[in-house]
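Reviewing the structure listed below.
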2 protein chains.
Amino acid sequence: MSGKIVNMRQKIDAMRADASEDLNHANCPVREVMQPIGGKWSTLLLSALAEKPYRFGELRRMVPDISQRMLTQTLRDLQRDGYIEREVFPTKPPSVEYRMTSFGHSLYEPLAKLLDWAARNHASVKEARARFDSSGV
Amino acid sequence: MSGKIVNMRQKIDAMRADASEDLNHANCPVREVMQPIGGKWSTLLLSALAEKPYRFGELRRMVPDISQRMLTQTLRDLQRDGYIEREVFPTKPPSVEYRMTSFGHSLYEPLAKLLDWAARNHASVKEARARFDSSGV
DNA sequence: CTGTATCCACAGCGATACTG
DNA sequence: CAGTATCGCTGTGGATACAG
């Protein structure tokens, strides 16, 4: 349903692979869902908004090295996928608040587990990386 | 043969990390761990190897639209981070087997939960996307 | 304050050809 | 079979300036 098969060759390959395993691109939502949240800033913003709603400038201060352009774009992409919603307050200098939807929270539940793992095993990954780089090569 | 040029990417990465070591989010686990597995092929290969070991060509057949170059590179990156290991069998046509380490399995546990969520909510995401695209823009 | 609009650099990825 | 080597395109993301 999701995957776009470009040519016949790949289609045949996909069907052949389909017979043995369901790990395929054709019916695999991994790509469509994981790719957007695999962006450089998505998870950071999601974990920020999972806590509580924030305004544009607040998010910008929380992630100091994000450009204005990427903050806008990433927020829009997250909104597009239904994870967050945007509310504009017509105050004197306008302010915009972003808040995580219940759908977003349902995504964040397993995502948080993964981020937890990352936090706990960050050191091990760095060690493995160093070991690999200094050995062999 | 000198191996100086082979690991250019990794060396550059190291230098870049070094240069910004004292910046706020340079050592953030989310970035260091999530970025690599956020690549286009990483999660697909991880979920394949989580099941059982596979050879290079098998993986290639399971993910028909990956290029040979990206398969090699992604596997190497996963190996570098300690998630998978590589074993060469000196058979007549040489064969190489990739297998997930216990560390990789510990990563895959929370990751699988996230992939499960993606599979279950894939449709909702696509709907949200379509809704967003047809309104406004 | 919250964006848009350009321009531009570079990393990621693909296609192809070659090797042990 | 399992890679390397090269080239080139494209998308992502950064810097800057402008605007509601």
Side-chain angles (χ1 to χ4, degrees), chain A residues 4 6-7 9-10 25 31 34-45 53-79 84 86-99 136-137, chain B residues 1-17 19-20 23 25 31 35-45 53-79 84 86-99 136-137:
Chain A
K4 288 194 176 123
V6 216
N7 62 41
R9 182 85 201 279
Q10 294 173 1
H25 60 296
R31 309 192 186 202
M34 289 297 289
Q35 217 102 281
I37 67 179
K40 188 171 181 181
W41 307 107
S42 308
T43 52
L44 286 172
L45 293 177
Y54 283 109
R55 304 221 331 276
F56 188 88
E58 292 177 318
L59 289 169
R60 202 181 175 183
R61 262 169 266 123
M62 292 175 72
V63 189
D65 54 345
I66 194 176
S67 67
Q68 201 171 20
R69 183 184 179 278
M70 287 316 296
L71 181 52
T72 302
Q73 183 176 307
T74 306
L75 286 171
R76 172 156 313 188
D77 289 345
L78 293 176
Q79 183 193 0
I84 67 178
R86 193 182 102 115
E87 186 175 5
V88 182
F89 297 99
T91 50
K92 194 91 192 277
S95 80
V96 180
E97 189 178 271
Y98 293 89
R99 103 172 24 89
V137 178
Chain B
M1 297 299 232
S2 141
K4 277 286 184 180
I5 334 175
V6 194
N7 261 1
M8 195 58 108
R9 256 193 75 195
Q10 295 152 11
K11 300 232 159 103
I12 293 176
D13 276 348
M15 292 192 302
R16 189 160 30 218
S20 54
L23 292 183
H25 291 66
R31 307 192 189 200
Q35 218 106 279
I37 66 179
K40 187 173 182 180
W41 307 106
S42 309
T43 52
L44 286 172
L45 293 178
Y54 283 109
R55 306 221 329 277
F56 187 87
E58 293 177 318
L59 289 169
R60 201 181 177 184
R61 263 169 265 124
M62 292 174 72
V63 189
D65 55 343
I66 194 175
S67 66
Q68 203 172 18
R69 183 183 179 278
M70 287 315 296
L71 181 52
T72 302
Q73 183 177 306
T74 306
L75 286 171
R76 173 155 313 186
D77 288 345
L78 293 176
Q79 183 192 0
I84 67 179
R86 193 182 102 114
E87 186 176 3
V88 182
F89 297 98
T91 50
K92 344 210 150 157
S95 81
V96 179
E97 190 178 272
Y98 293 89
R99 127 184 26 222
V137 181

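Lettering of chains follows the sequences in order, A, B, ..., and the numbering in each one begins at 1.
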Produce the list of close N/O pairs, under 3.5 Å, pairing protein atoms with atoms of nucleotides 1-3 of chain D; give distances to one decimal.
{"from": "D:dC1", "atom 1": "O3'", "to": "B:Pro94", "atom 2": "O", "distance (Å)": "3.4"}
{"from": "D:dA2", "atom 1": "OP1", "to": "B:Arg55", "atom 2": "NE", "distance (Å)": "3.0"}
{"from": "D:dA2", "atom 1": "OP1", "to": "B:Val96", "atom 2": "N", "distance (Å)": "3.3"}
{"from": "D:dA2", "atom 1": "OP2", "to": "B:Gly57", "atom 2": "N", "distance (Å)": "2.7"}
{"from": "D:dG3", "atom 1": "OP1", "to": "B:Arg86", "atom 2": "NH1", "distance (Å)": "2.0"}
{"from": "D:dG3", "atom 1": "OP2", "to": "B:Tyr98", "atom 2": "OH", "distance (Å)": "2.7"}
{"from": "D:dG3", "atom 1": "N7", "to": "B:Gln68", "atom 2": "OE1", "distance (Å)": "3.4"}
{"from": "D:dG3", "atom 1": "N7", "to": "B:Gln68", "atom 2": "NE2", "distance (Å)": "2.4"}
{"from": "D:dG3", "atom 1": "O6", "to": "B:Gln68", "atom 2": "OE1", "distance (Å)": "3.2"}

Give the rounded distance in Å between these two atoms: [atom1] of [X] and [atom2] of [N].
X	N	atom1	atom2	result
A:Ile66	D:dA15	CD1	P	12 Å
A:Gln73	C:dA5	CD	P	13 Å
B:Met70	C:dG14	CE	P	6 Å
A:Leu71	C:dT2	CG	C1'	10 Å
B:Phe89	C:dG20	CZ	C1'	19 Å
A:Arg31	C:dC13	CZ	C1'	13 Å

Any A:Lys40 side-chain N or O less than 4.0 Å from OP1/OP2 of C:dA11: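 For C:dA11, OP1/OP2 do not have a side-chain N/O of A:Lys40 under 4.0 Å.
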Partner set under side-chain hydrogen bond (donor to acceptor under 3.5 Å, both in side chains) for A:Tyr98, not counting sequence neighbours: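 A:Tyr98 satisfies side-chain hydrogen bond (donor to acceptor under 3.5 Å, both in side chains) with no residue once adjacent residues are dropped.
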Pairwise distance CD(A:Gln73) to CH2(A:Trp41) - rounded to 0.5 angstrom: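 Reported value, rounded in 0.5 Å steps: 12.5 Å.
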Residues A:Lys40, A:Asp65: salt bridge by 4.0 Å N-O rule: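 No.
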Partners passing salt bridge (Lys or Arg N to Asp or Glu O under 4.0 Å) against A:Arg99 (at least two apart in sequence or in another chain):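 Only A:Glu87, A:Glu97 meet the salt bridge (Lys or Arg N to Asp or Glu O under 4.0 Å) criterion with A:Arg99.
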Side chain proximity check, A:Leu71 to A:Val63, heavy atoms < 4.5 angstrom: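 Counting from C-beta outward, A:Leu71 and A:Val63 never come under 4.5 Å.
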Side-chain donor or acceptor of A:Thr74 paired with backbone N/O of A:Met70 under 3.5 Å: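 Side chain of A:Thr74 to backbone of A:Met70: a pair is present.
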